[in-house]
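Have a look at the structure below, then the notes.
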Amino acid sequence: QVQLVESGGGLVQAGGSLRLSCSASGRTFSSYAMGWFRQAPVKEREFVAAINRSGGNTYYSDSVKGRFTISRDNAKNTLYLQMNSLKPEDTAVYYCAAGPLATTLRHRVDYWGQGTQVTVSS
């Protein structure tokens with residue numbers, strides 16, 4: 001079992017920045033690929049970004065590429081999402097996720113966090 005707890009969400013103006021964190025406990029954090037998903041009101045949950053176990057490879061959705069950066073600190077059992085140049089359409093609940101492979105994380109997630117709200121005002 002892996003327990004995931006997100007933090008760092010909040011209200012920010014368009015063009016601003018936020019950094020989300022996901023703290024993991026339970027089984028070895030470094031044995032999982034990690035990622036972020038988001039779900040806006042009346043929309044399906046969508047993939048945002050993924051990172052492999054070592055942190056050497058990252059993957060992004062086209063909608064956030066160039067603005068968001070995913071990273072991890074295996075010594076601290078923590079996943080991050082640096083979000084810059086935020087837009088109102090980035091408003092959503094952001095979820096941390098863990099799975100076996102970064103390349104397939106958008107299709108296979110073993111563990112989810114409870115989510116943190118990000119609201120971007122125009």
Side-chain donor/acceptor of [X] to backbone N/O of [Y], under 3.5 Å:
| X | Y | answer |
| --- | --- | --- |
| Thr28 | Ser30 | no |
| Thr116 | Gly9 | yes |
| Glu6 | Cys22 | no |

Check whether any side-chain heavy atom of [X] sits under 4.5 Å from a side-chain heavy atom of [Y], and report yes or no.
| X | Y | value |
| --- | --- | --- |
| Asn57 | Ile51 | no |
| Trp36 | Leu79 | yes |
| Val5 | Gln114 | yes |
| Trp112 | Leu4 | no |
| Val2 | Ser25 | no |
| Pro100 | Arg108 | yes |
| Tyr111 | Gln3 | no |
| Leu86 | Leu18 | yes |

Can you measure from [atom1] ([X]) to [atom2] ([Y]) and round to the nearest 0.5 angstrom?
| X | Y | atom1 | atom2 | result |
| --- | --- | --- | --- | --- |
| Gln117 | Gln39 | CD | CD | 11.0 Å |
| Met34 | Asn77 | CE | CG | 9.5 Å |
| Gln13 | Ser121 | CD | OG | 5.0 Å |
| Phe29 | Thr78 | CZ | OG1 | 6.5 Å |
| Asn52 | Leu105 | CG | CG | 11.0 Å |
| Ser7 | Leu20 | OG | CG | 8.0 Å |

**Request:** Would you kindly check if the NZ (Lys) or CZ (Arg) of Arg53 is within the cone defined by 45 degrees around the ring axis of Tyr32 and under 6.0 Å from the six-membered ring centre?
**Result:**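 Negative - Arg53 is either too far from the ring of Tyr32 or too far off its axis.
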**Message:** Checking Arg38 against Arg45 for the side-chain contact (heavy atoms from CB on, under 4.5 Å) test, could you report, in this order, the C-alpha distance in whole Å, the side-chain angles of both residues, the deciding distance, and whether it holds?
**Reply:** CA-CA 5 Å; Arg38 66 186 182 186; Arg45 191 172 298 189; over 6 Å; no
**Asked** Does the pair Tyr95 and Phe37 meet the rule for a ring-ring contact (aromatic ring centres under 6.0 Å, His included), with working shown?
**Response** CA-CA 5 Å; Tyr95 296 90; Phe37 290 71; 8.6 Å; no
Count I, L, V, M, F, W, Y as connected when their side-chain heavy atoms are under 4.5 Å apart, and connections chain through other members. Are [X] and [Y] then in the same cluster?
| X | Y | result |
| --- | --- | --- |
| Val120 | Val93 | no |
| Phe47 | Ile70 | no |
| Val64 | Tyr80 | no |

**Test item: side-chain donor near acceptor, Ser17 and Asn84, under 3.5 Å** = yes
**Message:** Looking only at the side chains, is there a donor atom on one of Ser61 and Ser63 sitting less than 3.5 Å from an acceptor on the other?
**Reply:**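 On atom types as modelled, these side chains qualify, holding a pair under 3.5 Å.
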**Prompt:** Do Tyr60 and Arg67 pass the side-chain contact (heavy atoms from CB on, under 4.5 Å) test, and can you show the C-alpha distance, the side-chain angles, and the key distance before you say yes or no?
**Reply:** CA-CA 10 Å; Tyr60 297 93; Arg67 299 187 298 122; over 6 Å; no
For a quick test of reading the model, state the closest non-hydrogen atom pair linking [X] to [Y] and the distance between them.
| X | Y | answer |
| --- | --- | --- |
| Tyr59 | Thr103 | OH-CG2, 3.4 Å |
| Leu81 | Ala49 | CD1-CB, 4.4 Å |
| Ser122 | Ala14 | CA-CB, 4.4 Å |

**Asked** With a 4.0 Å cut-off, would you call Lys65 and Asp62 a salt bridge?
**Response**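 Counted as a salt bridge, because a side-chain N and a carboxylate O are separated by less than 4.0 Å.
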